[in-house]
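To start, the structure under review is shown below, and the notes come after it.
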Amino acid sequence: MPAVTRSGLRAEIWIVLGLSLGQSAVYAVLSLLRKLAEGGVGGSTATLNPSRADVQWLDLTLQLLSIFFALVPVALALYLLSLDGQRPGVLKRLGLDGSRPLHDAAWGAALAAVIGLPGLGLYAAGRALGLTADIVLSPADAYWWTPIVLILAAVQNAVLEEVVVVGYLMTRLRQLRWGVPAAIAVSALLRGTYHLYQGFGQGVGNAIMGVVFGYWFHRTGRVLPLVIAHTILDVVAFVGYAFLAETLGLR
């Protein structure tokens with residue numbers, strides 16, 4: 001990387017993570033500590049997509065703004081990677097170019113199945129052992145636009161996490177001459193840490209997911225299948241939960 005020092009790269013990584021998922025990791029750890037201090041994780045609740053206002057139009061506006069601003073660190077990470085001046089462009093280098101849509105979609109669906117089914121078992125085990133919070137995946141007040149916003153939130157989560165934590169972070173760590181195992185481990189540990197507000201079980205489960213996704217990126221150089229897999233997992237969880245809650249009268 002000409003014209004960029006190793007110390008400059010380290011500072012850049014801290015800034016990008018401090019504005020995005022590194023910040024989330026700090027708050028997740030504090031949330032976990034608060035749950036432990038208040039009587040344990042098993043009796044606590046983690047709400048992933050809460051309502052943001054009692055007035056419907058304001059709730060929708062705040063939901064959309066939250067999704068939009070959460071994606072700004074993605075734009076920053078891609079912009080900073082583009083300054084490397086390398087060819088091909090940053091989207092091609094990260095496998096976000098959409099050049100193989102069917103291939104990426106098929107692998108994304110396969111990865112979602114590999115991660116999703118064991119994930120359900122891990123969540124159930126965590127709840128039984130009191131290591132995982134009761135996760136509420138959709139807001140209590142549902143409107144006609146709620147499924148649309150939940151899908152957008154799923155896409156936002158997938159793009160943010162996979163681009164920043166896998167594509168950006170692993171690329172930068174490799175440029176700093178970190179070994180592949182170390183880069184995958186740091187990426188996976190970060191993923192697990194910012195999920196700790198959901199409890200130990202979800203932290204461990206997401207760290208394992210991070211190892212699988214990090215290894216995939218190392219072997220293929222493509223982030224798009226990971227974005228697709230993550231989107232599928234979250235859409236099924238968010239929208240499926242909302243549908244079941246409405247159907248079973250749990251609201």
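No hydrogens, no waters, no symmetry mates; every other heavy atom, side chains included, goes into these values.
Arg127 contributes a side-chain N or O that, together with a main-chain N or O of Thr132, makes up a donor-acceptor pair within less than 3.5 Å. At distances below 3.5 Å, not a single donor-acceptor pair connects side-chain atoms of Tyr27 with backbone N or O atoms of Gly22. Here the side chain of Thr231 pairs a donor or acceptor atom with the backbone of Val227 at under 3.5 angstrom. At least one donor-acceptor pair closer than 3.5 Å links the side chain of Ser82 to the backbone N or O of Tyr79. With hydrogens and angles disregarded, no donor-acceptor distance shorter than 3.5 Å links the side chain of Asn49 to the backbone of Pro139. In this structure a side-chain-to-backbone donor-acceptor pair under 3.5 Å is missing from Ser187 to Ile184.
Annotation: side chain of Glu38 is not in contact with side chain of Ser44 (no heavy-atom distance under 4.5 Å). The shortest distance between side-chain heavy atoms of Val180 and Arg174 falls below 4.5 Å. Under the 4.5 Å side-chain criterion, counting only non-hydrogen atoms from C-beta, Leu150 is in contact with Ser138. Residues Ile228 and Leu226 form no side-chain contact, since every pair of their non-hydrogen atoms from C-beta on lies 4.5 Å or further apart. Leu48 has its side chain within reach of Gln198: a pair of non-hydrogen atoms, C-beta onward, lies under 4.5 Å apart. Residues Gln202 and Leu196 are not in side-chain contact: their nearest non-hydrogen atoms beyond the backbone lie 4.5 Å or more apart. The shortest side-chain heavy-atom distance between Asp234 and Val236 does not fall under the 4.5 Å cut-off. Annotation: side chain of Leu94 is in contact with side chain of Leu78 (closest heavy-atom distance under 4.5 Å).
Among all heavy-atom pairs drawn from Pro73 and Phe69, the shortest one is CD-O, 3.6 Å. Minimum interatomic distance between Pro147 and Val239 (heavy atoms only, all atoms of both residues): O-CG2, 4.2 Å. Here the closest heavy-atom approach between residue Val74 and residue Leu160 is recorded as CG2-CA, 3.5 Å. Minimum heavy-atom separation, Gln23 to Gly18: NE2-O, 3.0 Å. Minimum interatomic distance between Val164 and Ser20 (heavy atoms only, all atoms of both residues): CG1-OG, 4.0 Å. Here the closest heavy-atom approach between residue Ala229 and residue Leu111 is recorded as CB-CB, 3.8 Å.
Note: Leu96 CG to Leu91 CG = 6.0 Å, rounded to the nearest 0.5 Å. The structure places CD1 of Ile151 at 14.0 Å from CD of Gln156, a figure rounded to the nearest 0.5 Å.
The hydrophobic clustering, which links ILVMFWY residues whose side-chain heavy atoms are closer than 4.5 Å, places Val114 and Val235 apart. Placement of Val136 and Leu122 in two distinct hydrophobic clusters is found when ILVMFWY residues are connected by side-chain heavy-atom separations under 4.5 Å, directly or transitively. Both Val166 and Leu9 are assigned to one and the same hydrophobic cluster, defined by single-linkage of ILVMFWY side chains at heavy-atom distances under 4.5 Å. Cluster membership check: Val155 does not share its hydrophobic cluster with Ile148, using side-chain heavy-atom separations under 4.5 Å among Ile, Leu, Val, Met, Phe, Trp and Tyr. Grouping the Ile, Leu, Val, Met, Phe, Trp and Tyr side chains by contacts below 4.5 angstrom, directly or via other members, places Met209 apart from Leu131.
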Derivation of the side-chain contact (heavy atoms from CB on, under 4.5 Å) call for Met170 and Trp178: CA-CA 9 Å; Met170 287 188 59; Trp178 284 45; over 6 Å; no
Hey, mind stepping through Leu129 and Phe200 against side-chain contact (heavy atoms from CB on, under 4.5 Å) and telling me if it holds? CA-CA 10 Å; Leu129 295 172; Phe200 292 106; over 6 Å; no
Going through the distances and angles, do Ile15 and Glu12 end up as a side-chain contact (heavy atoms from CB on, under 4.5 Å)? CA-CA 5 Å; Ile15 291 169; Glu12 180 196 289; 5.7 Å; no
Please step through side-chain contact (heavy atoms from CB on, under 4.5 Å) for the pair Ile115 and Phe213, ending with a clear verdict. CA-CA 10 Å; Ile115 296 297; Phe213 278 20; 3.9 Å; yes
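Under the salt bridge (Lys or Arg N to Asp or Glu O under 4.0 Å) criterion, Arg222 pairs with Asp97, Asp104, sequence neighbours left out. Judged as a side-chain contact (heavy atoms from CB on, under 4.5 Å), and not counting sequence neighbours, the contacts of Ile13 are Leu17, Tyr168, Leu169, Arg172, Leu173, Leu176. With sequence neighbours excluded, no residue forms a salt bridge (Lys or Arg N to Asp or Glu O under 4.0 Å) with Arg100. For Leu120, there are no side-chain contact (heavy atoms from CB on, under 4.5 Å) partners, not counting sequence neighbours.
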Under 3.5 Å, side-chain donor or acceptor atoms of residues 55-68 against the rest of the protein: list the pairs with distances, not counting sequence neighbours.
{"unit_1": "Gln56", "atom_1": "OE1", "unit_2": "Trp145", "atom_2": "NE1", "d": "3.0"}
{"unit_1": "Asp59", "atom_1": "OD1", "unit_2": "Arg52", "atom_2": "N", "d": "3.0"}
{"unit_1": "Asp59", "atom_1": "OD1", "unit_2": "Gln63", "atom_2": "NE2", "d": "3.2"}
{"unit_1": "Thr61", "atom_1": "OG1", "unit_2": "Trp57", "atom_2": "O", "d": "2.8"}
{"unit_1": "Gln63", "atom_1": "NE2", "unit_2": "Pro50", "atom_2": "O", "d": "3.0"}
{"unit_1": "Ser66", "atom_1": "OG", "unit_2": "Arg52", "atom_2": "NH2", "d": "3.3"}

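Asp84 and Gln175 share a side-chain donor-acceptor pair at under 3.5 Å.
Classified by interplanar angle (parallel below 30°, tilted 30° to 60°, perpendicular above 60°), the ring pair Tyr197/His195 is parallel.
Residue-environment remark: CH2 (Trp216) exceeds the threshold of 12 foreign heavy atoms within 6.0 Å. Tyr123 OH: more than 12 foreign heavy atoms inside a 6.0 Å radius.
In this structure, Val204 shares a hydrophobic cluster with Ile208, the cluster being traced through Ile, Leu, Val, Met, Phe, Trp and Tyr side chains under 4.5 angstrom apart.
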